[in-house]
Protein chains: 2
Amino acid sequence: MCKLQWMHLAMLRQGQDTHSLAQVPVQAPSSTKLMPEPVTALCLPALRQLMPDLPADLEQLLGAVARASKRIADTLRTGDAHTKSGIENTFGDEQLHLDVVTNEIAFEELRACGLVHIASSEETPTEEDLGAPKAAPGEGFSVSFDPLDGSSIIDTNFSVGSIFGVWPGRGLLGRTGREQVSSILTVYGPRVTLVIALPQAAAGPRTVQLMLQHDSTWEMIHENLRVAPAGKIFAPGNLRATADNAAYKQLVDFWIAERYTLRYTGGLVPDVYHVLIKGKGVVTNVVSAAAKAKLRLLYEAAPIALVMECAGAASCTAPGPNGEHPEPISILDLPIMGLEFKCGVAYGGVEEVAIFTKLMYPGS
Amino acid sequence: MCKLQWMHLAMLRQGQDTHSLAQVPVQAPSSTKLMPEPVTALCLPALRQLMPDLPADLEQLLGAVARASKRIADTLRTGDAHTKSGIENTFGDEQLHLDVVTNEIAFEELRACGLVHIASSEETPTEEDLGAPKAAPGEGFSVSFDPLDGSSIIDTNFSVGSIFGVWPGRGLLGRTGREQVSSILTVYGPRVTLVIALPQAAAGPRTVQLMLQHDSTWEMIHENLRVAPAGKIFAPGNLRATADNAAYKQLVDFWIAERYTLRYTGGLVPDVYHVLIKGKGVVTNVVSAAAKAKLRLLYEAAPIALVMECAGAASCTAPGPNGEHPEPISILDLPIMGLEFKCGVAYGGVEEVAIFTKLMYPGS
């Protein structure tokens, strides 16, 4: 890297140029109607208290996700990470027993809430029609999910996560992440925590955090997580790509030389969550010809992008080795061209993602 | 780094030179006597089943550590990571509320077992005399511990750990890690797991793993964890030291260029545990003039070294910026010159630590 580049990056770090990422306004809320059946129990009273305007059907759906998360946490507590299920998923990954069980739990809860038209899991990437029997006409949701993100680090007892993306209406293909009405990350660690993106909250987009209590209720512990524009924490995913991606190598060298704090568990959910909770930093997953993209837009990249952007962070594509994503855009604006569509990503403070963009897209 | 060095390191990786680390035999077991009171309940039946020769008093002590770990896990589940206790420990670190609570739990259980003479915690680094009222004459233990290692990543819901080192008899100062009769790491993550070093097991030194079950018992899930000599996983602690430590910078560049897999949570216990469970890799914490040593030999470095060496891994000092540790030696052979004595470390597969030694101690 030449000295001029370093100076430019240093200026960026000091905030002199933070406008290179377009700020796209979040969509206006779609109209919501009352549920056809009375809501007899609030699943997440802490959320209702914070947001009296939360649509009842979305609250019901979030309750289903919270119940699934609780059950998955219980399953992980003693589940055997070493039992192979003997099933391969359709992408060819070997599935662990826990992947199968947690996948079934998520489907059960989404089906039971009666509000889901299409559900699609990273473990079984098809569009399952759940019928949404309790949805009012024209209402209901479609949900993508990864029930157990980070299964390679389950045996090492690292924190792992679940990811849920929630779209209004029926269908997932051809839509964008920006159309989501919510997305949820669950972190299974010493505690069980949920972060929920609420792009249509009356007071403006926000990301909240809840923690599972001993009595199985969820306590609100952060009402509005915010990620600062600049902050020296980095999580360099797919680091092997630096071997044949010179721009990524430069970026990693920059972070190390600038004495950024390294945190990289290898689990995308905990790594993103770290930035959310510390309120600063950047998480990347960059690709190269030899180290191909692994993140799926529908199941991972888009739901996470919503959580991050609702917390004031930015998201951005990474250019692919064969000309994919020639211009930097928000992950939320990438059309979901297929259930298995993959991409490289950056998430983080606006200035940190601007540094990423300057190095990874030198011509832009 | 010159080409010759690269070639040499490549040779090391291929195993042509793995004898640079002295293999010091583990001390012969000291004689053990029956407890003065009958053992009415086995605390860890899985351990007794595996090792009929386990001394009864050591089993009792391990039971106390297991009980403390269970209680700490319950406390972490919903404890507030953000409450400051208002107390500073004697090293000047700000203490979190959870540090205080977990410290008290560990002291309570060690006191209750009646077999501990001296207990010393990283949180309150003095030598507490617990009296060992149930120990037979000439028996009993002294225990060092860090009840909550990784408190900076509690709020981010990353896995964290506890560390316990167990010495026979009375007193900790002036001894070495090699004199320990056991050491224990607890990992609090999606599960609660214990790894226990048993240097005096009849069949030879070993490190075992147990997992906490829903009914509060501990199930044996690994009877003999082994770390392979070579394996491309790295956890580069104190990465900021690369800014003013050229040798460490070379080492990090080597790992990246050789496409090692990065895993670095920032918690020493989970990072070491990752190597133990994957059975390969290297964890380092290197120092420089600007990025000083943080690891305490008594509370962290020595107990972890025993767990690693009993699993067939190596441990090694890192040279200090002021001439500290001029020769590479096992962490287990460093005398504990003070409760707060600090050092840089490497833990990992024998060949991986040999690579570390060649670069960090170029003259040796």
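- In this structure, B:T207 contributes its side chain and B:V307 its backbone to a donor-acceptor pair below 3.5 Å.
- When each of A:T193, A:T242, A:V160, A:V275 is checked for heavy-atom pairs under 4.5 Å with chain B, A:T193 comes out on top.
- For the salt bridge (Lys or Arg N to Asp or Glu O under 4.0 Å) test, residues two or more places apart in sequence or in another chain that qualify with B:K278 are A:D155.
- Of the listed residues (A:G189, A:P190, A:S159), the one with the most heavy-atom contacts under 4.5 Å to chain B is A:P190.
- For A:T186 (side chain) and A:L194 (main-chain N/O), no donor-acceptor pair under 3.5 Å exists by modelled atom type.
- Most heavy-atom pairs under 4.5 Å with chain A, from the set B:D271, B:L276, B:T265, B:N157: that is B:N157.
- The salt bridge (Lys or Arg N to Asp or Glu O under 4.0 Å) test applied to A:R206 returns no partner, not counting sequence neighbours.
- The part of B:V192 that comes within reach of chain A is its backbone (N, CA, C, O), which places non-hydrogen atoms under 4.5 angstrom from that chain.
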